[in-house]
Amino acid sequence: MLGRAASGTGRLLLQSSRWPGPGAWLAPAPKRCSSSLPRNTMVLFVPQQEAWVVERMGRFHRILQPGLNFQIPLLDRIRYVQSLKEIVINVPEQSAVTLDNVTLQIDGVLYLRIMDPYKASYGVEDPEYAVTQLAQTTMRSELGKISLDKVFRERESLNACIVDAINQASDCWGIRCLRYEIKDIHVPPRVKESMQMQVEAERRKRATVLESEGTRESEINVAEGRKQAQILASEAEKAEQINKAAGEANAMLAKAKAKAEAIRLLADALTQQNGNAAASLAVAEQYVSAFSKLAKDSNTILLPSNTGDVTSMVTQALGIYGALTKPPAAKSPKVTSPALEVPKCAPTERPEADQVNSR
């Protein structure tokens, strides 16, 4: 009896293994959230990254792990097959109105993964349809909060907001949205033309601003160069004046020293023999030289009455020189004014000069 039972059991296993066919052990590759259900056999081979939900007598029993599994064909039944891979869902194109009342046509791609096969099987009837509809409604609500210009600039933040909204709603379904990407944004033709005109105007504005900034920088550089040039020129002029003043001071000092030396030598020469005769000769030469330069600088000339009397003029000059070289006389009680002393020297010296000339 035991042999018959064993042989019967072997026939049953053989028949059960042949009846579903070789392709029934391995489920086909999932295209969406689930694949086709395998046949209920005693021996099952669950592929990797798949979860098979088994019900016993119409009630959830367990989830089969990847690999070899056994079940009772009459009592157990495979109810759902969930794929644990990352699933890509194409979100159909939809129309949405922005904050500034512009109608856009937007489609996207949704990436999600089943985290809990039990919730994904019993929490929602059609996970793909539910997530797709949730993505579309969330996209419309998020686009209604921003303007058209921000749609293109804040694309990443818009995707993040949609992912957060889907995850909050799909948490009880056992599904987690990994990311959402906007594929295409179609703008109405008139709006596109106005956007192109706005872009062209913005570019012209930038070009004008850049040109004005370049002109301003150029003028600032030119003014700065002129300022530096004037500063350097004033410093050079200042240094030149300082050097010129120092040179003039040195020249005046040198002239004073030379004049002092000449006066000293002249004084030494006058103290020697025939010094008065030499002085008379020098005065006569200067008088003749002065008369030779008359009427060269101006047409108006003032001449003394005795211009032709050279002897009297030289004698008068020598008389003034003699009065200056005489030692000062003793002070008398009566002081005479200097203006009255000059005429007295001239008559006293004239006879002496006449005697010298007559000699």
Side-chain angles (χ1 to χ4, degrees), residues 1-92 108-135 162-181:
M1 292 178 66
L2 293 174
R4 292 178 181 177
S7 61
T9 306
R11 291 194 196 95
L12 180 62
L13 290 173
L14 183 60
Q15 291 175 2
S16 63
S17 62
R18 288 179 180 176
W19 174 61
W25 291 356
L26 298 177
K31 295 183 179 179
R32 296 296 183 184
C33 295
S34 63
S35 61
S36 60
L37 297 177
R39 294 183 180 183
N40 295 319
T41 60
M42 183 178 293
V43 180
L44 300 174
F45 295 95
V46 180
Q48 186 67 31
Q49 288 297 100
E50 281 194 5
W52 291 6
V53 180
V54 178
E55 293 180 352
R56 176 168 289 182
M57 300 176 65
R59 184 177 180 182
F60 172 75
H61 176 57
R62 63 173 179 161
I63 297 176
L64 300 180
Q65 300 297 326
L68 179 62
N69 294 273
F70 297 95
Q71 70 172 357
I72 301 174
L74 298 177
L75 300 179
D76 297 337
R77 178 187 177 188
I78 300 174
R79 187 70 176 84
Y80 299 101
V81 176
Q82 304 291 348
S83 176
L84 302 181
K85 299 178 183 179
E86 186 173 349
I87 303 169
V88 181
I89 299 177
N90 219 356
V91 179
V109 180
L110 187 64
Y111 299 85
L112 53 88
R113 177 178 292 173
I114 296 177
M115 308 302 295
D116 191 349
Y118 176 79
K119 291 183 179 180
S121 301
Y122 298 100
V124 63
E125 181 66 26
D126 190 351
E128 177 183 353
Y129 179 76
V131 174
T132 302
Q133 295 299 317
L134 183 59
I162 295 174
V163 170
D164 293 338
I166 294 175
N167 287 331
Q168 290 177 3
S170 64
D171 189 20
C172 60
W173 300 340
I175 300 174
R176 180 174 181 82
C177 181
L178 302 179
R179 58 187 177 273
Y180 180 86
E181 298 293 338

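- Considering only heavy atoms from C-beta on, I89 stays 4.5 Å or farther from V109 through its side chain.
- Listed by first and then second residue, the side chain to side chain donor-acceptor pair (under 3.5 Å) pairs involving residues 69-81 are R56-D76 (not counting sequence neighbours).
- Residues satisfying the salt bridge (Lys or Arg N to Asp or Glu O under 4.0 Å) test with R179, not counting sequence neighbours, are E86.
- Within 6.0 Å of OH on Y129 lie no more than 12 heavy atoms contributed by other residues, nucleotides or ligands.
- A130 pairs by the side-chain contact (heavy atoms from CB on, under 4.5 Å) definition with V124, W173, not counting sequence neighbours.
- Rounded to the nearest 0.5 Å, atoms CZ (R62) and CD (E55) are 13.5 Å apart.
- Applying the side-chain contact (heavy atoms from CB on, under 4.5 Å) rule to L74 yields no partners; only residues at least two apart in sequence or on another chain are considered.
- For the atom pair CD of Q65 and CD of Q48, the computed distance is 9.5 Å after rounding to the nearest 0.5 Å.
- Under the 4.5 Å side-chain criterion, counting only non-hydrogen atoms from C-beta, P92 is in contact with T132.
- Judged purely by atom type and a 3.5 angstrom limit, N167 uses its side chain to pair as donor or acceptor with the backbone of V163.
- The side-chain contact (heavy atoms from CB on, under 4.5 Å) search around D164 returns none, not counting sequence neighbours.
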Report, one line per pair, each donor and acceptor closer than 3.5 Å where one atom sits in a side chain of residues 110-119; sequence neighbours left out.
from: D116; atom 1: OD1; to: Y118; atom 2: N; distance (Å): 3.2

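- Side-chain contact between I63 and W52 is absent, with no heavy atoms from C-beta onward closer than 4.5 Å.
- Remark: Q168 pairs with no residue by the side-chain hydrogen bond (donor to acceptor under 3.5 Å, both in side chains) rule, at least two apart or across chains.
- F70 is not listed as a side-chain neighbour of L44, based on a closest heavy-atom distance of 4.5 Å or more.
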